[in-house]
Amino acid sequence: MERVSAIKELRQQVTAWRLAGKRIALVPTMGNLHVGHLELVRQARQRADRVVVSIFVNPMQFGAGEDFDHYPRTQEQDATQLERAEADLLFTPPVQEIYPRGQTVQTLITVPGISNILCGVLRPGHFAGVATVVCKLLNMVQPDLALFGNKDLQQLLVIRQMVEDLCVPVEIIGIPTVREPDGLACSSRNGYLTAEERSQAPALYRLLSETSKAIAQGRSDYAALESEGKQSLTAAGFKPDYYSIRNAVDLSEANGETQKLAILAAACLGRTRLIDNLLVERE
Ligand code: PAF
């Protein structure tokens, strides 16, 4: 696996691959890789000839008081895992390479509507930070496809809309969430949980599964299901931010006619904020 940290070197390599007719996949990450990330790499390998993985803890998507300074940085371990997963190139740019003029004067990509609901309400500016860095990475690598986890469903849909609106020639692929054996969605932030919180955390997936089952059995009183979900999260020791049943295509409000649904939840356990979702298809 080749390792580069400058855009110029990255471009030299991907240009050579493109001229040789290779199909290129990009897996953007913030590092501290877990099995969910490695699944993205595995899926990328199945769909492309060359796999580029980026590790960049993007300051622009963290709000004041969030965990940017403490976000786990484990680059050497990550590189070892990526070697084993047979990634072809690891791109680890320093902040200066991505934001050479500084973040405050950086051109911003804001994706209206979908960025301002759910997590966007609680983390203002977060999705502009994500859309901006992903747009830059796509322009740097110019991959044929880019892969993201369905766990961050709102992020995935923001990126899809950005790519469509700006006519970026790339296929965006969402990969099903990888879970621990007890159902907890894999996330770098799970490492923040204390032992007690870790034992409580699977309740999030359990409650989403119960709501999904209720919908599959014919319930469509979504407001009631949302409020039951929120109450159950509180009873399980969480501080819920939202528990919401939405249209899975664009996260608009769901109604009795909506076929593809997403049940999304965000909640804090102690100081750790967890998010998860389940997709449900109605008959
Ligand atoms: O999901 C992530 O790890 C990040 O939000 C991403 C997509 C790499 C952008 O920084």
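Every value quoted in this text rests on a predicted model; they were computed, and no experiment measured them. We count ligands from 1, going down the list as the structure has it; atoms in each ligand are counted the same way.
When ring centroids are compared, F62 and Y71 come within the 6.0 Å threshold.
A cation-pi arrangement is not found for R282 relative to Y222, the charged atom failing to lie both closer than 6.0 Å to the ring centre and inside a 45° cone about the ring normal.
Remark: E257 CD to S220 OG distance equals 9.5 Å, nearest 0.5 Å.
Of the protein's heavy atoms, Q61 OE1, 2.6 Å lies nearest to atom 10 (O) of ligand 1. When hydrogens are left out, the protein atom nearest atom 1 (O) of ligand 1 is Q155 NE2, 2.8 Å; that is the closest non-hydrogen contact.
Residue contacts with ligand 1, taken as heavy atom pairs separated by less than 4.0 Å, involve T29 solely via the backbone atoms N, CA, C and O.
Here is the list of ligand 1 atoms found below 4.0 Å of a heavy atom in V133: 9 (C), 10 (O).
Of the N and O atoms on the side chains of T177 and N150, not one donor lies less than 3.5 Å from an acceptor on the other residue.
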